[in-house]
Amino acid sequence: MRYWLFKSEPETFSIDDLRARRNQIEHWDGVRNYQARNMLRDEVKAGDQVLFYHSNCKPPGIVGVAEVVKEGYPDFTAWNPESSYYDPRSTKEKPQWFMVDIKFVEKFPQIISLDDLKQNSKLHEMLILRKGNRLSVTPVTAAEFKTILKMV
DNA sequence: GCCAACGTTGGC
DNA sequence: GCCAACGTTGGC
């Protein structure tokens, strides 16, 4: 089993939105970056654990955990001209973009803020803390995941 | 709202 | 295949 960190702007889709979904499951659509796409398509597997990160808000940070329940399949929002994620280069024959389904596991009683993460010496290697890192899907090590759960 | 850091696009 | 211009991300 592997561990990941998924970023989302809470204004767009928050952990509360995930919890409110039917069966508490939602597809993780709209990823339009090739590196992140490759991970969603090839590496993220059912059963993997996901740290749910709120970005572009005050404060940014990890707000809970989700679990992958369905692995990489074509992101159908790319086929919908009405969608803001529409991409005419992606077709049903040759899908360009992929997504996974995740299920709500828990919401932390309080956010583990970006600042908290920076303070923790065990997390200095975390990709999310690297300068300039903008990937919305990043791998997390088992040790990092464990450390973060202890910070709750 | 600013702006640094990136990724993507497209002319050449 | 280079690289300038442009768009986006996301912390501050």
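In what follows, chains are A, B, ... by sequence order, proteins preceding strands, each numbered from 1.
Between the side chain of A:Glu144 and the backbone N or O of A:Thr141 there is at least one donor-acceptor pair closer than 3.5 Å. A donor-acceptor pair under 3.5 Å is formed between the side chain of A:Ser8 and the backbone N or O of A:Phe13. Using a distance-only test at 3.5 Å, with no hydrogens or angles considered, a donor-acceptor pair links the side chain of A:Asn133 to the main chain of A:Leu127.
Applying a 4.0 Å cut-off to non-hydrogen atoms, the residues of residues 51-61 of chain A that approach DNA chain C are A:Tyr53, A:Ser55, A:Asn56, A:Pro60, listed by residue number. DNA chain C lies under 4.0 Å from at least one heavy atom of each of the following residues of residues 118-140 of chain A: A:Lys118, A:Arg134. A heavy-atom distance below 4.0 Å to DNA chain C is reached by none of the residues of residues 86-93 of chain A.
Among A:Leu51, A:Val137, A:Val31, the single residue meeting the side-chain contact (heavy atoms from CB on, under 4.5 Å) criterion with A:Phe6 is A:Val137.
The ring pair (Phe, Tyr, Trp, His ring centres under 6.0 Å) analysis of residues 113-134 of chain A, with sequence neighbours excluded, yields no pairs. Among residue pairs with one or both ends in residues 71-87 of chain A, those qualifying as salt bridge (charged side-chain N to carboxylate O under 4.0 Å, His left out) are A:Arg32-A:Asp75, A:Lys45-A:Glu71, A:Asp87-A:Arg89; sequence neighbours excluded. Within the structure, salt bridge (charged side-chain N to carboxylate O under 4.0 Å, His left out) pairs that include any residue of residues 91-115 of chain A comprise A:Asp16-A:Lys107 (at least two apart or interchain). Applying the ring pair (Phe, Tyr, Trp, His ring centres under 6.0 Å) test to residues at least two apart or on different chains, the pairs with a partner in residues 67-88 of chain A are A:His27-A:Phe76. Sequence neighbours left out, the pairs with a member in residues 33-43 of chain A that pass salt bridge (charged side-chain N to carboxylate O under 4.0 Å, His left out) are A:Arg2-A:Glu43. Listed by first and then second residue, the ring pair (Phe, Tyr, Trp, His ring centres under 6.0 Å) pairs involving residues 38-61 of chain A are A:Trp28-A:Phe52, A:Phe52-A:His54 (not counting sequence neighbours).
Chain A approaches DNA chain B over the interval B:dA5 to B:dT9, counting the first and last nucleotide 5' to 3' with an atom under 4.0 Å from its heavy atoms.
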*Report the C-alpha distance between A:Ile102 and A:Ile25 in whole Å, list the side-chain angles of each, state the deciding distance to 0.1 Å, and finish with yes or no for side-chain contact (heavy atoms from CB on, under 4.5 Å).*
CA-CA 6 Å; A:Ile102 62 170; A:Ile25 291 173; over 6 Å; no
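For the pair A:Thr138/A:Met126, no side-chain contact is recorded, criterion being any heavy-atom separation below 4.5 Å from C-beta on.
The bend of the helix from B:dG1-C:dC12 to B:dC12-C:dG1, defined by the angle between the axes of its first five and last five pairs, stands at 10° to the nearest 10°.
Of the inter-residue distances, the one linking A:Ser136 atom OG with A:Leu40 atom CG reads 7.0 Å to the nearest 0.5 angstrom.
For A:Thr77 and A:Asn80, the side-chain atoms include no donor-acceptor pair closer than 3.5 Å.
In this structure, A:Phe98 stands alone, with no Ile, Leu, Val, Met, Phe, Trp or Tyr side-chain heavy atom under 4.5 Å from its own, directly or through other members.
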